[in-house]
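Have a look at the structure below before the remarks.
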Amino acid sequence: MDVKLEPIVEGKRIASLDIMRGFAILGIYLVNMLSFHSPYVFIDPLAWWNKGIDRITYVFIDVFAQASFYPLFSMLFGYGLMLMRERAIGRGANFRVFSARRLSFLLAVGIVHAFLVWPGDILITYACIGFIALFFLRFSAKAILISALTIYIVPNLLLGLLLLLADTVGPVENPWQLYKADAQKSLEVYGNGSYQAITDMRIYEWNFANSPDTILITLFTILPLFLIGASVAKFRWLEEPERHLKKFKAVAFGLILPAMALKTLPYYGWEGYSADFFQDFFGGPLLAIWYAAIIVLTAGKMRSATSLLANVGRMSMTNYLFQSVLSTFIFYGYGGGLYGKVSATQGTLLVLVVFIIQIVISSIWLNKYRYGPMEWMWRSFTYFKLQKLRRRENA
């Protein structure tokens, strides 16, 4: 008998997960905005935004958002994969089929997003590494967690120590000089170029960020983050958080100091590749886990505020893609042409305005519909069945 797996109904959703997704969408937008309006991947940001309120704004984003929200979202993605697997097994359904469809849809959307909208796309990476993560989901929660920590800590710590050794051997050269021409080309093409010229630049920038040199680093970073989320799902810590309050309090009080110490490393006067590496690859995930613990501890006490974030989180893919489409239209030559003409502070203010609009639109939409538009298409493709979109009218 063919057992069909249906998506999670509203009453069975874990509220803290949606709140985390909404919070992560805000943090990701804060970081992505730097790339939407400036050649962020090709510049030294502290030299580009080197004084006044712009420097303060960048440092705030660097410490509290950069490299902390993609780990949070990655762990949530792994949590979702495991949740889907557990439900499939419970109902005797074929998880491999559903997960293959789910990841294939994500990959297709990511390709369109990366090459036709914005090259900073993360969906392609999530889909590809998601297929690898499926192999680990059969293990016990403890085994998955141990695997995740081993895969993450060992190679990244070795690489960090090698960078530290390199920093101590000789003076640190400024690598950004190598990309000066790329930064200038980005300013010209994204700000004034045609759609075809911008598309060519997107492809070039995507290849730059996803070169063979970075594949292993990406794998040993994203995969274990997926697995940490998957292990938490298998431990079922978020389904009954009141039974695990001691764990979440221990994380909240135990991680904040080491997380902030690592996140602020480059501002102690420690110059070099190793400071930036330890800031992002170790400080970032620690702060992400701290954010998650704080949300779990406060979700039930601030329901009116957190429910707004939850609405954005329930439409996370729609909101993520909307941010890219709107922002590139504002800044690229085929739209407002403001690329390179907006400060870090102005870009951050735009993020807050757009996110408030997303909160309002998401809340209105979910009053009438069960899912966001992209979520509805994703679910319908995953289950090969059109999902009910509109809510029942009130009697």
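Keep in mind that what you see is a predicted model, and the values were worked out from it rather than measured.
Remark: side-chain polar atoms of Trp290 are paired, donor with acceptor, to backbone N or O of Ala252 under 3.5 angstrom. Between the Trp376 side chain and the Gln387 main chain, a donor and an acceptor come within less than 3.5 Å of each other. Looking only at distances, no side-chain donor or acceptor of Ser68 sits under 3.5 Å from a matching main-chain atom of Phe64. In this structure, Asp54 contributes its side chain and Asn50 its backbone to no donor-acceptor pair below 3.5 Å. Between the side chain of Lys263 and the backbone N or O of Pro258 there is no donor-acceptor pair closer than 3.5 Å. Judged by distance alone, the side chain of Glu239 and the main-chain N or O of Arg236 form no donor-acceptor pair under 3.5 Å.
Both cation-pi conditions hold for Arg101 and Phe384: the charged atom is under 6.0 angstrom from the six-membered ring centre and inside a 45 degree cone around its axis. At least one test fails for Lys388 against the ring of Tyr371: distance under 6.0 Å to the centre or angle within 45° of the axis. Cation-pi geometry between Arg102 and Trp378 is met: the NZ or CZ atom falls under 6.0 Å from the ring centre, inside 45° of the normal.
The distance between the ring centers of Phe331 and Tyr190 does not fall below 6.0 angstrom. The six-membered or imidazole ring of Tyr195 lies away from that of Tyr332, with a centre-to-centre distance of 6.0 Å or more. Taking the six-membered ring where the residue is Trp, the centroids of Phe226 and Phe136 are separated by 6.0 Å or more.
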Can you give me every donor-acceptor pair (side chain of residues 333-340, partner residue at least two apart or in another chain, under 3.5 Å) with its distance?
from, atom 1, to, atom 2, distance (Å)
Tyr334, OH, Arg202, NH2, 3.0
Tyr339, OH, Ser38, O, 3.0

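Under 3.5 Å, the side chains of Tyr268 and Thr264 contain a donor-acceptor pair of N or O atoms.
The pair Glu188-Lys185 does not count as a salt bridge, with every side-chain nitrogen at least 4.0 angstrom from each carboxylate oxygen.
At a threshold of 4.5 Å between non-hydrogen side-chain atoms, the residues Tyr320 and Asp121 count as touching.
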